Amino acid sequence: MSTPAAAAQRRPGDWRRTHTCGALRLSDAGATVTLNGWVHARRDHGGIYFVDLRDRYGLTQVVLDEKLASSVRFSAEYVLSVTGTVKARDAQNRNAERATGEIEVVAARVEVLSASPNPPFEVSDDIDTALETRLRYRWLDLRRPLLQKNLLHRSRFINAIRRSFERQGFAEIETPILTKATPEGARDYLVPARVHPGKFYALPQSPQIFKQLLMVAGMDRYFQVARCFRDEDLRADRQPEFTQLDMEMSFVEEEDVFACWERVLSETFAECMGLQIKTPFKRLHYDEAQQRYGSDKPDTRFGLELKALDAWARQCEFNVFKSVTAQAGGRVMGISVPADLAAQISRKDLDTELTDHAKSFGAKGLAWWRPAADGGAGPLAKFAAGEQGLALRAALGAKDGDLCLFAAGPQAQVLRVLGELRNLLGRKFGLAKASGIAWDFLWVTGFPMFLRNEENGRWESAHHPFTAPADWNFRADDDAALGKLESRAYDLVMNGWELGSGSIRIHREEVQQRVFGLLGIGPDEQREKFGFLLEALAHGAPPHGGFAVGLDRLTALTAGLDNIREITAFPKTASAADLMCQAPSRVADAQLAEVHVARAGKGLEEGA
RNA sequence: GGGGACGUAGCUCAAUCGGUUAGAGUACCGGCCUGUCACGCCGGUGGUUGCGGGUUCGAGUCCCGUCGUCCUCGCCA
């Protein structure tokens, strides 16, 4: 920021900065400098007056004498230009907690560049202001050093990823934001088309089809920092518009995509965080992830693995368990919490925290057992005495003093309940942190191709309809086989979070038609909604596959944040509102008429 | 769409069982102070208790509705 050339061009009285507020050190003592920044704090000692001047780079203490201090009026968040002399502080006045703490700038001239009323909250990392207030005044919130640090981390992280893709020969290509509504997937954000009365664009849920068409076009290796839009209800880690690092490559199989991303992430972690992450990442089959961890995105840094207890349940005296094993698809499973942790779980924890947690994911209740020589304690105790108890201990890998938790019912629910209990216990006891593993990457492969919709009995894509099946020749009329058919989709999981997902795609028109047909999209609808894709696939489509990583989540996690709002410059609330600019907002009737839209339903009362 | 929590001064919070004039810290304003860096000391301004209705002699407090924020289940191919 301080260059001799710039200094040479300065006019007398130039207000422009020669240094940032984080730049000056002891070695600058004696220099005449100009700083620009915001008034962070003032300390008036009567006769001597201190100002902390703040910008993105740091804080510098400015000293004003009585005469200068009384000649200029300013308060917090004013923007000043201060010209003065850098002075080494006396030893007893140095502030070791600030990078610029060994010096101060003795002001000769202070110019108010911009005024400010008393701000709605203090610009400080210590404050505990309601998110609602912070979002309303986001331009002020973003002045806080922590938020600036987060945005800069995000910027550096994304730039490093870009460079890595460029080194690997990928081309960054933009795809349309105004695109076509799709029949499946998330709800679309719609945009009325003024020049096509009654018709609408949709904002992209992802650039999926466009990137496939780029492969058909022969671009071979594509990536993009892509904004995606999904009109669904929000969570702490979900915004209605979010950013993906989207990529696609031709003439590849799964391992090529994995290797590409392993390189991108290891280079990015090394460059941005100084960390060497271990590659290749672990691989885990979807079925194994589900059976061992009850999740398709397991945190594998700790144990508490699920154990199958179906054989034991089948011959036990506990009717709840026994009857479940007689039902099609019924499972009885359990996890064993080691004694040192089990000792910290009270009866009250079991009856409230753990049981409530299990119930929130569909369990009817939570059966538990503390094995001991005399049969132990808990609802299972009287069915787990003697030989029965030994067999149950063996199936669970449990010892006396452990705490065993059980779930019984339809397999999907049992896996979910125990998987979530496992996560709860992991959080409660800090097991992931205790593992000493900071960054645990994992490819999950072999996802099912189709899932049966319980409500209407129809097949749906587990990933999306463009995902290749493990077997190109699958039969669309064999329900039993379809339920077992694997897809070539994969997820990247880190520390129990899904970072992204992708797949090898269907590059054959006929297979794509077969999949559409199976999903209930008939030939006419296929032509109308996806005709351009099918046509492209018919005209020389290379085998291809790709992946997309959620950058909001990844940059948040690598910055140590658990809420993506803290790394998004202008986030929306849980009701998808922007509290700063008050979007969405009403529009005039004339504006609606121009795009051929009329209010209806609730919009009649609330829109006018 | 369902469940839970919350809403009091610019900000963060308190206010006993429904009971006097709704308090504190901080910020802000004024005064004092030449070495602070969370400066200190003295004084002061600041309130539609989110909004609407109800119960009551009396409501920040109880009830109903509504708006907003957060978390969460469903949802998110």
Side-chain angles (χ1 to χ4, degrees), chain A residues 40-54 59-66 69 73 75-77 87 89-98 100-102 104 106 116-137 140-141 182-188 205-206 208-209 228-240 242 356-357 359-362 416 420 447 449-451 453-455 458-467 487 489 498 501 503 515-516 519 521 550 562-563 565 572-577 579 582 606:
Chain A
H40 185 70
R42 298 168 294 155
R43 293 176 292 280
D44 182 355
H45 284 258
I48 187 168
Y49 193 97
F50 299 101
V51 180
D52 289 335
L53 208 59
R54 183 195 67 238
L59 277 180
T60 300
Q61 174 164 288
V62 175
V63 186
L64 281 66
D65 63 25
E66 193 165 12
R73 286 187 68 84
S75 58
E77 301 310 315
K87 178 182 161 237
R89 295 199 204 178
D90 294 341
Q92 72 273 18
N93 291 334
R94 290 184 183 170
N95 185 340
E97 286 171 20
R98 286 189 187 172
T100 60
E102 291 188 306
E104 62 198 359
V106 180
S116 172
N118 189 31
F121 53 85
E122 198 182 338
V123 176
S124 159
D125 287 339
D126 305 326
I127 59 165
D128 189 22
T129 307
L131 187 63
E132 194 171 353
T133 311
R134 293 176 50 203
L135 291 183
R136 179 161 168 220
Y137 305 100
L140 185 67
D141 194 32
T182 53
E184 292 200 16
R187 196 175 293 110
D188 285 317
Q205 297 176 27
S206 81
Q208 179 61 35
I209 295 178
C228 306
F229 306 85
R230 293 177 191 175
D231 187 3
E232 297 291 347
D233 289 348
L234 308 182
R235 291 284 190 284
D237 62 348
R238 212 194 287 165
Q239 285 273 301
F242 58 99
D356 288 349
H357 197 66
K359 282 182 175 171
S360 73
F361 295 101
R416 181 90 198 272
E420 294 292 351
F447 280 78
M449 182 76 181
F450 301 110
L451 296 174
N453 183 316
E454 299 295 337
E455 283 168 27
R458 300 228 306 237
W459 289 109
E460 293 179 351
S461 291
H463 186 53
H464 60 51
F466 318 110
T467 302
S487 77
E498 183 195 314
S501 61
S503 61
V515 169
F516 282 148
L519 298 174
I521 306 172
D562 56 11
N563 193 314
R565 289 189 188 98
K572 291 183 173 56
T573 67
S575 62
L579 297 180
Q582 301 270 287
E606 294 173 20

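Note that the structure is predicted; figures quoted are calculated from it, not measured. Proteins get letters first, then strands, A, B, ... in listed order; numbering begins at 1 in each.
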Could you identify the nucleotide paired to [N], looking across every strand shown and requiring Watson-Crick or G-U wobble geometry with both distances under 3.5 Å?
N	result
U61(B)	none
U12(B)	A24(B)
C41(B)	G31(B)
G68(B)	C6(B)

Could you write nucleotides 3-8 of chain B as a row of B, S and -, 5' to 3', where a protein heavy atom under 4.0 Å of any base atom gives B, of only sugar-phosphate atoms gives S, and otherwise -?
------
Could you run through nucleotides 25-33 of chain B and give me one letter per nucleotide, 5' to 3': B if any protein heavy atom sits under 4.0 Å from the base, S if only the sugar-phosphate is that close, - if neither?
--SSSS--B
D90(A) (side chain) donor-acceptor with Q92(A) (main chain) under 3.5 angstrom:
no
Figure out the CD/C1' separation between E232(A) and C73(B), and round it to whole Å.
14 Å
In this structure, how many angstroms lie between the P atom of C71(B) and the CG atom of D562(A), rounded?
10 Å
How close do V515(A) and P465(A) get, counting heavy atoms only, and between which atoms?
CG1-O, 3.6 Å
Classify the nucleic acid contact of R187(A) as base, sugar-phosphate or nothing, counting any heavy atom under 4.0 Å across all strands shown.
nothing
Of the listed nucleotides ([options]), which one gets closest to any side-chain atom of [X]?
X	options	value
N95(A)	G10(B), C37(B), U72(B)	C37(B)
A574(A)	U12(B), G74(B), C71(B)	C71(B)
R416(A)	G74(B), C71(B), C70(B)	G74(B)

